[in-house]
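This chain uses plain numbering: 1 for the first residue, then up along the sequence.
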Amino acid sequence: MSSYPPPKAGSPSAAAEPDPLRLGLLYAVVFVEIGVAMPFMPVWLGALGLDPGLIGLLLALPIATKIVATRPLTGLIDRGVRPRTLLAAGSLTLAATYALMPSAAGIAVVLLGLLVVLNAAAQAPLVPSIDYLTLAAARRAPRRIDYARIRMFGSVAFLLANLAGGALLGALGGQVAVPLLLTGLALLAALVALGAGERAAPREPRPSADGPPPRLPRMLRLTIGAAALIQASHAAIYAFGSLSWAAHGVSAPWIGVLWAVGVGAEIVLFAGLARLPARWRSPFRLLALGGLAAVTRAVGLSVAEGNLVLLVPLQMLHALTFGATHLGAMNAVSNFAPDGARGRAQGTVGATTALVSALATLACGTVYGAFGGAATFLMMAPLALAGLALTGLARSATPAGRGG
């Protein structure tokens, strides 16, 4: 990434200059909270002695909530709400709901469920809002702001939270340890959001209040659909990867290593993407790489069983199946979303991906129970192939010179 002399301190341009470290810190604090909540909230719910079916319902509520809430909440940015405001308000609401959960669990499960829904709604716009800020900064200062390297902060934080969370929660002990830790992390995120906002950065143009909001162009809608299908092909791994590997004799430490290998490969891609030729960083090429890797990974996992010689390189493909696909979608939003609809576009990516992934996860549960892990992994290949097909349609619908 090239560099150039920064503006003099105190000048208007300096005030508006985006700070990559502040943006990276935003990703880090939000992803630490996600990295603790995702693996350990189910453990906490189990420690309450709840029925497994009820735990499943409480874990499904956030998915349904985010499908409904992500697009309208992130779309508030297009109506003049600052991303920093969404980040701070969402993080404060997260802190309040986490703090109240232990008491609510002791009063009534219905009250706990309401807090879970409010918690999910508060979390829904957080990552899309940081993506919005970072992509806007990259458009203003492309020589200083590299979206992939800044987003890498989130992946590193998530990995560290996975590794350290268990030890920290073990030291804290007790049924309130998980919500107590998450309350503190959410408060930290709110403080960072308030201190690392847009500052004097210019707002992007907004459409006239008299006319209808601008529509997302067809090529962007196709691209979002393609990314959602490719990302949904992770459903089998996320839901049943560990179970299947354990059933084939893979030890718990090695299962942890396999997950770490995937996130580590993703981090390497984010760190090194800028070194690739520009033509390989176009949205459609990134999505094509992600889709092809997802097909390969699905077929490979269907025959790998517990063979670590195969499983390790297949997990390394996560760099492409998740990382390249995500970067392709963000590149498309940055390039193709019209002014006044960028927030809605960010929210549409999140909501569409959540919806398709939820449906894929439900299907995986049925297939895994009836046919086992091999069939479940193989079932993900058609999803990735459908994503590749939509990628081709989106590229064909893109005016020459815009997609690459």
Rounded to the nearest 0.5 Å, how far apart are [atom1] of [X] and [atom2] of [Y]?
X      : Y      : atom1 : atom2 : answer
Gln123 : Ile34  : CD    : CD1   : 5.0 Å
Leu25  : Arg22  : CG    : CZ    : 9.0 Å
Asn119 : Leu182 : CG    : CG    : 8.5 Å
Thr93  : Leu115 : OG1   : CG    : 11.5 Å
Ile224 : Leu216 : CD1   : CG    : 6.0 Å
Leu269 : His318 : CG    : NE2   : 10.5 Å

Any donor-acceptor pair under 3.5 Å from [X] side chain to [Y] backbone:
X      : Y      : value
Ser334 : Asn331 : no
Thr223 : Met219 : yes
Ser302 : Val299 : yes

Residue pair [X] / [Y]: nearest heavy atoms and the distance that separates them:
X      : Y      : result
Phe336 : Pro217 : O-CG, 3.4 Å
Thr352 : Ala228 : CG2-CB, 3.6 Å
Thr391 : Ala288 : CG2-N, 4.4 Å
Gly90  : Ala122 : O-CB, 3.5 Å
Leu21  : Asp19  : N-OD1, 3.0 Å
Val333 : Arg342 : O-NH1, 3.5 Å

Side chain to side chain contact (heavy atoms under 4.5 Å, CB included) for Met101 and Val116? Distances and angles first, verdict last. CA-CA 8 Å; Met101 281 182 185; Val116 167; 4.2 Å; yes
For [X] and [Y], test the side chains for any donor-to-acceptor distance below 3.5 angstrom and give the result as yes or no.
X      : Y      : value
Thr321 : His234 : yes
Gln315 : Arg297 : yes
Thr353 : Gln231 : no
Tyr147 : Asp131 : yes

Is the closest side-chain heavy-atom distance between [X] and [Y] below 4.5 Å?
X      : Y      : result
Leu92  : Leu187 : yes
Val109 : Leu50  : yes
Ser357 : Tyr238 : no
Glu266 : Leu159 : no
Arg71  : Lys66  : no
Leu359 : Val356 : no
Leu286 : Leu273 : yes
Leu258 : Trp245 : yes

According to side chain to side chain donor-acceptor pair (under 3.5 Å), who are the partners of Arg344, at least two apart in sequence or on a separate chain? none
Contacts of Leu390 that satisfy side chain to side chain contact (heavy atoms under 4.5 Å, CB included) - sequence neighbours left out: Leu222, Ala226, Leu229, Leu393
Sequence neighbours excluded, which residues qualify as side chain to side chain contact (heavy atoms under 4.5 Å, CB included) partners of Leu243? Phe240, Tyr368
Start with the C-alpha distance between Val29 and Leu185, add both sets of side-chain angles, then the distance that settles side chain to side chain contact (heavy atoms under 4.5 Å, CB included), and finish with yes or no. CA-CA 7 Å; Val29 294; Leu185 291 172; over 6 Å; no
Going by the side-chain contact (heavy atoms from CB on, under 4.5 Å) test, name the single residue among Leu94, Thr65, Thr97 that passes it with Leu118. Thr97
In sequence, state the C-alpha distance, the side-chain angles, and the governing distance for Leu133 and Leu87, and then conclude on side chain to side chain contact (heavy atoms under 4.5 Å, CB included). CA-CA 11 Å; Leu133 282 173; Leu87 286 165; 3.9 Å; yes
Parallel, tilted or perpendicular: rings of Phe31 and Tyr27 (30°, 60°): tilted
Side chain to side chain contact (heavy atoms under 4.5 Å, CB included) for Val263 and Phe322? Distances and angles first, verdict last. CA-CA 9 Å; Val263 180; Phe322 174 81; over 6 Å; no
Quick check on [X]: does its [atom1] atom have over 12 non-hydrogen neighbours (other residues, nucleotides or ligands) under 6.0 Å away?
X      : atom1 : answer
Met379 : CE    : yes
Trp259 : CH2   : yes
Phe371 : CZ    : no

